[in-house]
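A quick write-up on the structure given underneath.
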Amino acid sequence: VTVAQPPGPARFAANRPGRRLGPVASAGTLHGLGSDVIVFGGGLPDPTTHPAEVLGGHLADVLRDEPGPALTYETSLGTPALRRAVAEYLTRRDGASYGEDQVCITGGSSGAISLAALSFLNPGDTVLVEEITYPQALKAFGQLGVGVVPCPVDGSGLLVDELEQTLKARRAAGAGARAIYFGANFGIPLNGWLPLERREALVRLAQEHDVLLLQDDTYGAIRFVDIIPPSLVAMAPDFAVELGSFSKTIAPGLRLGWAASSAPMAEVMGATRTDLGASPLLQRAVARYLLSGQFDMHVAEVCGHYRRKRDAVAGALTEACGDAAEWRLPDGGFCIWMTLAEGTADQLAAAGRRHGVAFLPQSYFSATGSDGPRLRLAYGEGAVPDLLEGARRLGAAVHDRRDTT
Ligand SMILES: Cc1ncc(COP(=O)(O)O)c(C=O)c1O
């Protein structure tokens, strides 16, 4: 027996070709900065809103009332009560009927992205993505050997006419595409939401070109307007998967979300996963939280909270750098995507370091890694006085950079 290579710590950690690795995922891309730096962070919710006490009550009740099922394996599609609760929530939200058999419970929406990719994509497939998108989704596609093609967006989301040209050109070249991954409601890089006409056009394109619509709706429940069109799943369940999450509404530490689609597609996702499902204990506690009506009340409260925060931060930003950048007031979520009038976001990030403020520039989210004028200011996590001071520092950085470059 010849040993080709001595064993070493990195032996099994070598990258597989095409595998896209980044830092170990954590809330921490912007962490590790000094405590004197004000951080428009990684899109985390406000920890003061986490309903710890109420959830604690439900956890205790589950352990008292149903310890057997809560502490053993569950179907990998998810606990029936939570699947039903999510289906009822989606039905209330969209005014369209969802059955619990359409819902697969996942490890957050990031788990839903990976599971949908594993279930419906093959190595060598291509996914069309927004030019500025969620880096973990790029990682999930890359690890499967799935290629991505960036498509342009404006403040309301994917530019569907241009996307259609891309699909036609790829079809003419015999290349095609298997899926489109995008956010429809104040995700990355949107302050707004995808209008109904664009949603309808996406459904038409999905049907014409036989592509799957992967709608990331991670921030979708935090909404300040009630005119948002339904999920693409309500419009075309056989062609769409909604990747949903409790991270922004309840708490990211639950690691719970859903993939909603047609019942046969949900069934495929349940059959594809190999992790034996999300925690039955947590799922049962969260199901009680939803079915009691507490979730809806909580969401209404946090929407009011984030709306007030948005107004405070937007006001401070207008004062600090309204002359040097533009943005649309977000209709939901807790991030302001800003476009600089001059210079790039990477340049501003460097100036921000000098002024004690940090944020994520567009290059962090870019499907091609390219720098440019856009940046994300996430105001969910921070305390309002800090955010206001952060806005002031950002204004100083914008003007400093403009003076010195
Ligand atoms: C656009 C987008 N998708 C998915 C996720 C993953 O969220 P989670 O897995 O916590 O539900 C995030 C997290 O911030 C996100 O911003």
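Predicted model only: the values in this text are computed from it and were never measured. All ligand and atom numbering here is 1-based and tracks the order in the structure.
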Query - Stepwise side chain to side chain donor-acceptor pair (under 3.5 Å) test for Ser109 and Thr218 - result: CA-CA 6 Å; Ser109 53; Thr218 302; 2.7 Å; yes

Query - From the candidates Lys248, Arg255, Arg376, the one that places a heavy atom nearest atom 13 (C) of ligand 1 - result: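 Among Lys248, Arg255, Arg376, the closest heavy atom to atom 13 (C) of ligand 1 belongs to Lys248.
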
Query raised in the report: Heavy-atom distance to atom 10 (O) of ligand 1: which of Gly257, Gly253, Ser247 wins?
Result: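 Going through Gly257, Gly253, Ser247 one by one, Ser247 has the nearest heavy atom to atom 10 (O) of ligand 1.
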
**Report entry** contact_flag Phe246 ligand 1 heavy-atom lt 4.0 Å
**Finding:**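 Phe246 does not count as a contact of ligand 1 under the 4.0 Å cut-off.
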
Looking only at protein heavy atoms, which one is nearest to [atom], and how far off is it?
{"atom": "atom 9 (O) of ligand 1", "value": "Ser110 OG, 2.5 Å"}
{"atom": "atom 7 (O) of ligand 1", "value": "Ser109 OG, 3.2 Å"}
{"atom": "atom 15 (C) of ligand 1", "value": "Tyr134 CE1, 3.5 Å"}

Query - Ligand-side contact atoms (ligand 1) for residue partner Ser245, heavy atom cut-off under 4.0 Å - result: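 Within the 4.0 Å cut-off of Ser245, ligand 1 contributes 8 (P), 11 (O).
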
Report task. Pull out every atom of ligand 1 sitting under 4.0 Å from any heavy atom of Ile188, numbered as shown with elements. Result ->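 Counting from 1, the qualifying ligand atoms are 1 (C), 16 (O).
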
Between the side chains of [Y] and [X], is the shortest nitrogen-to-carboxylate-oxygen separation below 4.0 Å, so that they form an ion pair?
{"X": "Arg198", "Y": "Asp154", "result": "yes"}
{"X": "Arg284", "Y": "Asp61", "result": "no"}
{"X": "Asp46", "Y": "Lys309", "result": "yes"}
{"X": "Asp311", "Y": "Arg308", "result": "no"}

Query raised in the report: Judging by distance only, is a nitrogen or oxygen of Asp216 under 3.5 angstrom from one on ligand 1?
Result: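 Between Asp216 and ligand 1 (N or O atoms, distance only) the closest approach is under 3.5 Å.
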
Query raised in the report: So Arg288 and Glu66, salt bridge (charged side-chain N to carboxylate O under 4.0 Å, His left out) or not? Walk me through it.
Result: CA-CA 12 Å; Arg288 286 178 185 232; Glu66 40 182 347; 3.1 Å; yes

Query raised in the report: Can you find a pair of side-chain heavy atoms, one from Phe141 and one from Val129, that are under 4.5 Å apart?
Result: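 Of all side-chain heavy-atom pairs linking Val129 with Phe141, at least one is under 4.5 Å.
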
